[in-house]
Amino acid sequence: MCEDAPCSKVCKKGDPARALRAMRFDNTRVAQHWLADCSEEDLINAEKACIHYDRPVRIRELAALAMKEPACSMDDALMPSLAIDFCGIHCENPFFLASSAICTNYEMVARAFEMGWGGVFYKTICKQDIREVSPRFDAVKEGNAFAGFRNMEQLSENPHEVDFDILRRLKKNYPTKIVVASVMGQFEEEWIELAKMAEDAGCDAVELNFSCPQMRLSGLGSDVGQDAELVTFYTAYVKRNVSIPVIPKMTPNITQINQPAMGCYFAGADAISAINTIKSVTMSAKATVNDKFTVSGYSGKAIKPIALRFIYEMATNPIIKTMQYSGIGGIVTWRDALEFIQLGCRNVQVCTAVMEYGYRIIDDLILGMQTYMRDRGIEHLDQLVGEQLPNFVLPSDLDRETMVYPKIDRERCIGCGRCYLSCRDGGHQAISFDPASRQPRIIGTKCVGCHLCRLVCPTGAIDITKRVGKK
């Protein structure tokens with residue numbers, strides 16, 4: 001994951017760093033493309049040059065793993081297009097920068113566009129005097145990666161005239177990219193004024209930020225998003241005064257998202273962005289502001305299941321089923337993006353993963369989605385939109401008469417006993433463990449098919465069998 005990775009610089013042929021990045025972002029099948037010409041000497045030198053913080057990455061082992069995957073063509077001519085229409089706007093791909101710290105000036109967004117991002121929801125523009133705190137970020141880590149990310153940042157610190165000039169220049173210089181202005185007003189006239197300025201700047205659409213969780217003043221951000229009446233009124237005000245698409249951004253800090261979402265629909269909104277960050281508290285002493293804590297927004301991969309739930313609830317609401325959606329929340333890999341699309345989103349917005357890994361993740365988002373579509377014989381991204389919605393049922397309608405037993409792959413099992421411990425103390429005591437052979441064994445008469453064992457196995461040695469009737 002290094003910038004200007006030393007492991008690749010010492011390689012005469014191939015690019016181990018690019019291959020490892022592909023594997024990190026769920027593209028193991030194509031990683032061999034950057035390893036095929038590497039000699040054993042190249043890989044040895046790459047490991048010696050590795051600057052990993054505690055020990056060299058085992059590049060040779062990872063390369064061997066990647067080379068076991070079936071060959072996968074990288075011919076652009078064979079790859080399907082990721083183009084899709086959103087609110088009547090043609091997008092070259094569904095991957096957009098989310099309104100946040102990753103898109104606060106012209107240079108940042110221009111660099112992202114040149115690297116392949118399809119569009120931007122520019123950092124929220126307002127007429128307030130924004131003064132940020134320091135430090136403003138914190139993270140809950142899983143190893144050295146973000147499991148979740150907390151931020152106290154508010155809106156754009158630029159004067160609003162400066163931001164609209166930036167958006168005007170971006171649209172002029174990158175006419176095929178989609179430029180969306182995110183705005184936040186304090187009252188009716190201000191919402192309308194900012195939206196009109198977005199239209200005058202040539203923006204393709206305007207996003208209404210009803211969801212920022214850390215505004216200093218009441219009646220702003222998520223305070224609006226929690227009030228369906230205000231959502232309806234402000235959306236209607238803006239919709240009546242501009243001709244470009246209007247996209248309200250929903251807060252997850254609410255019990256029932258369908259109420260404000262229906263307000264958006266009845267007010268004439270063209271689409272909905274969801275979700276913004278979740279109100280949270282982290283307790284790291286190094287993230288305090290003069291030894292003080294506060295409630296602020298939480299993002300990152302930890303919130304993806306919550307974001308998917310809100311998208312699902314709106315997408316299956318029969319009243320607003322024609323609404324279009326832009327999905328946000330925990331998108332790191334192309335597979336994360338796919339899940340949002342399969343629940344009805346026509347594009348996705350990424351923030352935290354860019355803050356952690358940089359704009360370059362667009363390479364693997366695009367490559368992974370194209371490879372998946374090609375393997376399934378899907379020619380148009382539209383075919384994936386909402387395809388999983390029919391497979392959702394109420395908990396009361398789930399099949400409770402059959403079960404799926406786990407099975408252990410002895411070749412992959414390393415004998416760690418994790419499955420035994422978890423089943424014994426958190427499951428149904430359905431696994432035995434022989435200390436001499438270090439082999440776990442599933443006790444069929446006790447197993448209920450909960451699959452806790454499969455989830456805790458560190459090597460993927462536990463798989464599933466065919467579904468059978470309960471005895």
Here the gap from R58 atom CZ to L65 atom CG, rounded to the nearest 0.5 Å, amounts to 11.0 Å
Determine the interplanar angle of the F433 and Y420 rings, folded into 0 to 90°, and report it as parallel if under 30°, tilted if 30 to 60°, perpendicular if over 60°. parallel
Within-4.5 Å side-chain heavy-atom neighbours: C351 and S299: no
Do R360 and M1 come close enough that some side-chain heavy atom pair is under 4.5 Å? yes
Heavy-atom donor-acceptor pair, Q370 side chain to P80 backbone, under 3.5 Å: yes
Is a side-chain donor or acceptor of D227 paired with a backbone partner of L230 at a separation under 3.5 angstrom? yes
For the backbone of C11 and the side chain of D42, can you confirm whether one donor and one acceptor N or O come within less than 3.5 Å of each other? no
Is it true that, when you exclude E69 itself, more than 12 heavy atoms of the residues, nucleotides or ligands shown sit nearer than 6.0 Å to its CD? yes
Quick one: do C38 and M67 satisfy side-chain contact (heavy atoms from CB on, under 4.5 Å)? Show the steps, please. CA-CA 11 Å; C38 288; M67 297 305 289; over 6 Å; no
Using every non-hydrogen atom in the two residues, find where R400 and P395 come nearest and quote the distance to one decimal. NH2-O, 2.8 Å
Any donor-acceptor pair under 3.5 Å linking the side chain of Y372 with the backbone of L338? no
Check whether any side-chain heavy atom of V57 lies under 4.5 Å from a side-chain heavy atom of E47, and answer yes or no. no
Do M152 and V289 pass the side-chain contact (heavy atoms from CB on, under 4.5 Å) test, and can you show the C-alpha distance, the side-chain angles, and the key distance before you say yes or no? CA-CA 10 Å; M152 292 186 286; V289 179; 3.7 Å; yes
Would you confirm whether N253, through its side chain, and K279, through its main-chain N or O, come within 3.5 Å as a donor-acceptor pair? yes
Answer yes or no: is there a donor N or O on one side and an acceptor on the other, between the side chain of D409 and the main chain of D463, under 3.5 Å? no
Does S156 use its side chain to pair, donor to acceptor, with the backbone of K123 at less than 3.5 Å? no
Could you check whether any side-chain N or O of R346 sits under 3.5 Å from a backbone N or O of D85, counting only pairs where one atom can act as donor and the other as acceptor? yes
I366 vs L82 side-chain heavy atoms within contact, under 4.5 Å: yes
Run the side-chain contact (heavy atoms from CB on, under 4.5 Å) test on C2 and D4 for me, step by step, so that the C-alpha distance in whole Å, both residues' side-chain angles and the decisive distance to 0.1 Å come before the verdict. CA-CA 6 Å; C2 300; D4 195 26; over 6 Å; no
Other residues, nucleotides, ligands: >12 heavy atoms within 6.0 Å of E379 CD: no
Taking everything shown except E387 itself, do over 12 heavy atoms lie less than 6.0 Å from its CD? yes
Exactly one candidate in L97, I361, I362, D336 meets side-chain contact (heavy atoms from CB on, under 4.5 Å) with V350; the answer is I361
Could you tell me which non-hydrogen atom of I257 sits nearest to which non-hydrogen atom of E313, and how far apart they are? CG2-OE1, 3.9 Å
Pairing donors with acceptors under 3.5 angstrom, does anything connect the side chains of R150 and S280? no
Side chains of Y405 and V468, heavy atoms from C-beta outward: is any pair under 4.5 Å? yes
Quick check: closest heavy atoms across I408 and P440, and the distance to 0.1 Å? CD1-O, 3.7 Å
Polar side chain donor-acceptor pair, N290 to T288, under 3.5 angstrom: no
Should the heavy atoms of other residues, nucleotides or ligands under 6.0 Å from CZ of R467 be counted, would the total exceed 12? yes
Going by heavy atoms in the side chains, are I331 and F95 under 4.5 Å from each other? no
I need the I320 CD1 to C264 SG distance, nearest 0.5 Å. 8.0 Å
Shortest non-hydrogen separation from C345 to S326 and the atoms involved: SG-C, 4.2 Å
Mind running side-chain hydrogen bond (donor to acceptor under 3.5 Å, both in side chains) on N209 and S211 for me, showing each step along the way? CA-CA 5 Å; N209 188 340; S211 50; 3.3 Å; yes
Closest approach of S99 and T124, non-hydrogen atoms and distance? OG-N, 3.0 Å
Y122 OH to T104 OG1 distance, which is reported to the nearest 0.5 Å: 6.0 Å
Using every non-hydrogen atom in the two residues, find where A101 and E153 come nearest and quote the distance to one decimal. CB-OE2, 3.1 Å
Heavy-atom donor-acceptor pair, R424 side chain to L421 backbone, under 3.5 Å: no
Go through the steps for M314 and N258 under the test side-chain contact (heavy atoms from CB on, under 4.5 Å), then give the verdict. CA-CA 6 Å; M314 290 186 292; N258 270 321; 3.9 Å; yes
Looking only at side-chain N and O atoms, does E207 offer a donor or acceptor that is under 3.5 Å from a partner on S273? yes
Keeping Q324 on the side-chain end and C87 on the backbone end, is there a donor-acceptor pair under 3.5 Å? yes
State whether the number of non-hydrogen atoms from other residues, nucleotides or ligands found under 6.0 Å of E3 atom CD is greater than 12. no
Might you confirm whether atom NE2 of H428 has over 12 heavy atoms from other residues, nucleotides or ligands at distances under 6.0 Å? no
Can you find a pair of side-chain heavy atoms, one from V231 and one from M250, that are under 4.5 Å apart? yes
Salt-bridge present (R18, D364; N to O < 4.0 Å): yes
Approximate separation, where rounding is to 0.5 Å, of C126 SG and E157 CD: 10.0 Å
Any side-chain heavy-atom pair from I247 and F121 closer than 4.5 angstrom? yes
